[in-house]
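This report concerns only the one structure given below.
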There are 2 protein chains.
Amino acid sequence: MVQYAKTRLDASFAALSDATRRGVLEQLGHADASITDLAEKFRMTLTGMKKHVGVLEQAGLVITEKVGRVRTCKLGLRRLEDEAAWIERYRQLWTARFDELDKVIEELKRKEKADGRKKRE
Amino acid sequence: MVQYAKTRLDASFAALSDATRRGVLEQLGHADASITDLAEKFRMTLTGMKKHVGVLEQAGLVITEKVGRVRTCKLGLRRLEDEAAWIERYRQLWTARFDELDKVIEELKRKEKADGRKKRE
DNA sequence: TAGATACTGAACCACATGGTTCAGTATGCG
DNA sequence: CGCATACTGAACCATGTGGTTCAGTATCTA
């Protein structure tokens with residue numbers, strides 16, 4: 001792949017692209033949890049869950065701290081503001097684009113009507 | 001991996017996790033484009049670009065139509081509403097969670113002050 | 001101190017990803 | 001017709017992903 005620096009947005013959208021990880025985020029939105037807690041809740045091995053947490057941590061969406069034998073996971077400081085902003089901007093673009101197409105269609109209809117000719121099908 | 005059915009959300013967040021694909025979406029927000037157009041703009045082979053378009057199409061974010069030799073790509077009908085909704089819900093959870101933690105911290109401070117003892121560091 | 005608990009890391013697996021090249025096929029144009 | 005254009009598909013490459021098992025290490029607890 002020869003893949004170089006992933007941007008923040010790359011990393012967080014990738015982190016969000018997995019149902020387990022989205023579930024973990026929601027879970028941590030209710031209460032902090034250990035790796036064991038999460039692994040049980042999502043029915044997978046500790047090792048597997050630790051990888052998911054690692055991905056979320058890399059994306060800055062989760063922070064963890066180990067005290068004694070227990071690593072506690074909690075929500076990170078990022079509120080997905082950049083991600084929300086990107087999507088919002090896109091939605092505006094989308095709307096503008098479709099409005100534009102609507103106008104073109106209106107224009108076509110107007111012309112056709114003015115035209116008099118009936119060209120069915 | 002033995003990975004089964006990807007959900008819509010999985011697919012669209014995955015589609016958004018690549019800078020090239022986000023770029024393509026923005027591009028199509030301005031004007032429809034052929035595979036060749038996009039491949040040139042993003043400086044990659046036709047085949048490479050076609051794969052990206054395929055991913056976007058799978059996620060329902062782009063639709064394409066081939067007329068003659070040219071395949072034209074345009075924005076799909078999905079406005080990322082589900083994705084925006086998920087993120088928005090998460091942001092609310094996040095805020096609630098941090099407010100809650102703030103309250104706990106306030107409580108601790110209050111107690112400490114009422115306590116009289118000074119336990120620096 | 002012994003055993004249970006909680007994590008950690010390496011190794012493996014099968015399949016996905018983001019690219020490429022190369023060899024087609026289909027279409028348009030002079 | 002013959003050449004250029006535009007895409008398409010298979011195959012390949014290196015690395016990532018989403019899991020697993022197994023063999024540790026570190027920390028509690030009785």
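Throughout, protein chains are lettered first and strands after them, A, B, ... in sequence-line order, and every chain is numbered starting at 1. Remember, predicted model here, so these are calculated numbers, not experimental data.
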Please report the distance, rounded to the nearest Å, between [atom1] in [X] and [atom2] in [N].
| X | N | atom1 | atom2 | result |
| --- | --- | --- | --- | --- |
| A/Arg43 | D/dG19 | CZ | C1' | 16 Å |
| B/Asp10 | C/dA16 | CG | P | 14 Å |
| B/Met44 | C/dG19 | CE | P | 4 Å |
| A/Asp18 | D/dG19 | CG | C1' | 11 Å |
| B/Phe42 | C/dT20 | CZ | C1' | 19 Å |
| B/Phe13 | C/dA16 | CZ | C1' | 20 Å |
| B/Gln58 | C/dT17 | CD | P | 10 Å |
| B/Leu56 | C/dG18 | CG | C1' | 13 Å |

(message) Is a donor from one side chain sitting under 3.5 angstrom from an acceptor on the other, for B/Thr72 and B/Glu65?
(response)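 There is no such pair (donor and acceptor under 3.5 Å, judged by atom type) between the side chains of B/Thr72 and B/Glu65.
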With a 4.0 Å cutoff (strictly under), does any side-chain N or O of [X] reach OP1 or OP2 of [N]?
| X | N | answer |
| --- | --- | --- |
| A/His52 | D/dG19 | yes |
| A/Arg71 | C/dT8 | yes |
| B/Lys50 | D/dG9 | yes |

(request) Output every pair passing salt bridge (Lys or Arg N to Asp or Glu O under 4.0 Å) with a member in residues 23-36 of chain A, not counting sequence neighbours, ordered by first then second residue. (result)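 Qualifying pairs: A/Glu26-B/Arg89, A/Asp32-B/Arg97.
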(request) Could you tell me whether the side chain of B/Lys51 has a donor or acceptor atom within less than 3.5 Å of a complementary atom in the base of C/dG19? (result)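 Looking at the base of C/dG19, it does pair with a donor or acceptor on the side chain of B/Lys51 (distance under 3.5 Å).
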(message) At under 4.0 Å between heavy atoms, how does the protein contact nucleotides 21-30 of chain C? Give one character per nucleotide, 5' to 3', with B, S or -.
(response) BB----BS--
Distance-only check: which donor-acceptor pairs under 3.5 Å involve side-chain atoms of residues 45-62 of chain B, not counting sequence neighbours?
unit_1, atom_1, unit_2, atom_2, d
B/Thr45, OG1, B/Gly48, N, 3.1
B/His52, ND1, B/Arg21, NH1, 3.2
B/Glu57, OE2, B/Thr64, OG1, 2.9

(request) Measure the acute angle between the ring planes of B/Phe13 and A/Phe13, then classify it against the limits of 30° and 60° as parallel, tilted or perpendicular. (result)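 Correct class here is parallel.
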(message) Suppose we screen for ring-ring contact (aromatic ring centres under 6.0 Å, His included). Which residues come up paired with B/Phe42, at least two apart in sequence or across chains?
(response)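 ring-ring contact (aromatic ring centres under 6.0 Å, His included) list for B/Phe42, sorted by chain: empty.
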(request) Go through the structure and list residues passing side chain to side chain donor-acceptor pair (under 3.5 Å) with B/Arg91, not counting sequence neighbours. (result)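 For B/Arg91 there are no side chain to side chain donor-acceptor pair (under 3.5 Å) partners, ignoring immediate neighbours.
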(request) Name the nucleic acid region contacted by A/Leu46, choosing base, sugar-phosphate or nothing; use a 4.0 angstrom heavy-atom cut-off, strictly under. (result)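 Contact class for A/Leu46: base.
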(message) Once salt bridge (Lys or Arg N to Asp or Glu O under 4.0 Å) is applied, do any residues pair with B/Arg69, and if so which ones, sequence neighbours excluded?
(response)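 Partners of B/Arg69 by the salt bridge (Lys or Arg N to Asp or Glu O under 4.0 Å) criterion come out as none, since no residue qualifies.
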